[in-house]
Number of protein chains: 2
Amino acid sequence: MSTPGRGLHGQVLDTLGPDITAGKYPPGSVLRTDELAQRFEVSRSVMREAVRVLESMHLVESRRRVGVTVLPECEWNVYDPQVIRWRLAGADRPRQLRSLTVLRSAVEPVAAGLAARHATSEQCAELTECALGMVANSRGHKLEGYLFHDVAFHRVILTASGNEMFARLGDVVAEVLAGRTHHDVMFEDPDPAAVTLHVQVAEAVRERDAERAERLTREITVGALQELDILAP
Amino acid sequence: MSTPGRGLHGQVLDTLGPDITAGKYPPGSVLRTDELAQRFEVSRSVMREAVRVLESMHLVESRRRVGVTVLPECEWNVYDPQVIRWRLAGADRPRQLRSLTVLRSAVEPVAAGLAARHATSEQCAELTECALGMVANSRGHKLEGYLFHDVAFHRVILTASGNEMFARLGDVVAEVLAGRTHHDVMFEDPDPAAVTLHVQVAEAVRERDAERAERLTREITVGALQELDILAP
DNA sequence: GGGAACAAAAAGTCAGATTTATTTGTCACA
DNA sequence: TGTGACAAATAAATCTGACTTTTTGTTCCC
């Protein structure tokens, strides 16, 4: 996944990024460039490049005479795919998954509604194909095959919405779905009701029924929220 | 706004970033570090830092023996606040505003529903205060005062939702609202119906009525969509 | 006790040398 | 003619050391 170690500075980030997002250095901690360069056995220039990237993610702030200060969590660019991966790999993975699932529950229904209006006929076909793939893999512990088509399905919806911001959430959704299948408990076959809903969403989009596509997708995301016990009592 | 020119590499980014996001260098264009360093009259090290930042935003890709390649728009980290600002400052500002407004319409209603469940009493008080501020500035061409309270209102909603991903959209919403007031036509006083809706949302949150808060906020965002002529025929 | 001058610390900048990976072209051999 | 290996060219990647600038804290004098 992603691009591990594209250059020395990338390798430094692969350790330093997760360390920071994991809270190893509490907000306000001060690091010094020279010290870091020594620790990672790289030149100062390489270390500076790494710091610049962390700075662009608002994970740290570099100030003269002070050093590289770790910023509080509320400043981080939590939409940066790299930051998301680092956080998902760390200890607060569960909390991160909850945040992302709530985001999904807000975005995907609207995206589905837009997809019903803007999807090309190719995208409609893709969608149907994905839904059928999900059905075909919904019984008999074929979880990987199911996941593959599930991810593809939601990617098509987000892309077909015609909104670039939605489209870019495809990777996030993929990460969340993969996380649910691999890390969390999902020994059993997927919920048949969920499978049916996906098929119906594909139908609704094909029939240009925006309202129905939105409502059905909302049911899917409500299910995702319930799996994580996120809901009102 | 933001932090212009934090170091030489920042100044380089202030021109190179907008240039790239404006499409001045079409996707696939190849830039060379040395050439750029000469053009901007900075050392190669500074140029490299700038390139690293652009690379972390997925605006460009740097490869040996090839150079710095500009990536297609679909690769960009469109949620990066810096990228958003650059694009809003450029020629496709209208398209960007539409994307962001659609995102708002998806996120804010859900955020309001969550805020009704999780808002602290201080946040409820803030919300009421903001709504009252909007009312007070809703007549007599007090657009700046209105904008100030409007931005604050939506920030509180997003923060009070308790979801960090939502909270981080505060700046985006601020940008969109400011854009509407300053750039687009808004000579007249704001729509009285919108003002009333804000007051009612504050009420709903205070009374912990999640469903009503969500529904009312959806009405607000539908209004925002209509202003930009984004809606079904 | 307050303000100005001074000193130290750390990031910021630059320039040159060197290394490394990738592409591209060439040449020999099948 | 095509294909493989090998060599050269190229531009990024890295390292190093010297120098600059800004900020902060201290000290000294009034």
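Computed from a predicted model, the values in this text were never measured in an experiment. Just so you know, these numbers use all the heavy atoms, side chains as well, and skip hydrogens, waters and symmetry mates. Within every chain, numbering begins at 1; the chains are lettered A, B, ... in the order of the sequence lines, protein sequences first and strands thereafter.
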- Task: Sequence neighbours left out, what pairs pass ring-ring contact (aromatic ring centres under 6.0 Å, His included) with at least one residue falling in residues 154-179 of chain A?
- Result: A/His154-A/His198
- Task: Give the first and the last nucleotide of DNA chain C, reading 5' to 3', that has any atom under 4.0 Å from a heavy atom of chain A.
- Result: C/dA8 to C/dT13
- Message: Check A/Arg44 with A/Glu49, please: is the shortest side-chain N to carboxylate O separation under 4.0 Å?
- Response: no
- Those residues at least two apart in sequence (or on a different chain) that pass ring pair (Phe, Tyr, Trp, His ring centres under 6.0 Å) with A/Tyr79 are B/Tyr79
- Query: What does the inter-axis angle of the helix from C/dG1-D/dC30 to C/dA30-D/dT1 come out as, five pairs per end, nearest 10 degrees?
  - Reply: 10°
- With sugar-phosphate taken as primed atoms, P, OP1 and OP2 and all else as base, the protein-contact string of nucleotides 9-16 of chain D at under 4.0 Å (heavy atoms; B, S, -) is BBSBSBBB
- Message: Counting neighbours of CD on A/Glu164 that are heavy atoms of other residues, nucleotides or ligands and sit closer than 6.0 Å, is the number greater than 12?
- Response: yes
- Task: Applying side-chain contact (heavy atoms from CB on, under 4.5 Å), run through A/Trp86 and A/Asp80 and close with a yes or a no.
- Result: CA-CA 10 Å; A/Trp86 287 340; A/Asp80 189 306; over 6 Å; no
- Task: Salt-bridge test for B/Arg87 and B/Glu73: reply yes if a basic N is under 4.0 Å from a carboxylate O, no otherwise.
- Result: yes
- Message: Taking salt bridge (charged side-chain N to carboxylate O under 4.0 Å, His left out) as the cut-off, I'd like each qualifying pair that reaches into residues 22-39 of chain B, sequence neighbours left out, listed once.
- Response: B/Asp19-B/Lys24, B/Arg32-B/Glu35
- Can you establish whether the number of heavy atoms outside A/Phe148 located under 6.0 Å from its atom CZ is more than 12? no
- Counting only heavy atoms not in B/Glu129, do more than 12 sit closer than 6.0 Å to its CD atom? no
- In sequence, state the C-alpha distance, the side-chain angles, and the governing distance for B/Arg63 and B/Thr69, and then conclude on side-chain contact (heavy atoms from CB on, under 4.5 Å). CA-CA 8 Å; B/Arg63 282 173 57 201; B/Thr69 312; 5.6 Å; no
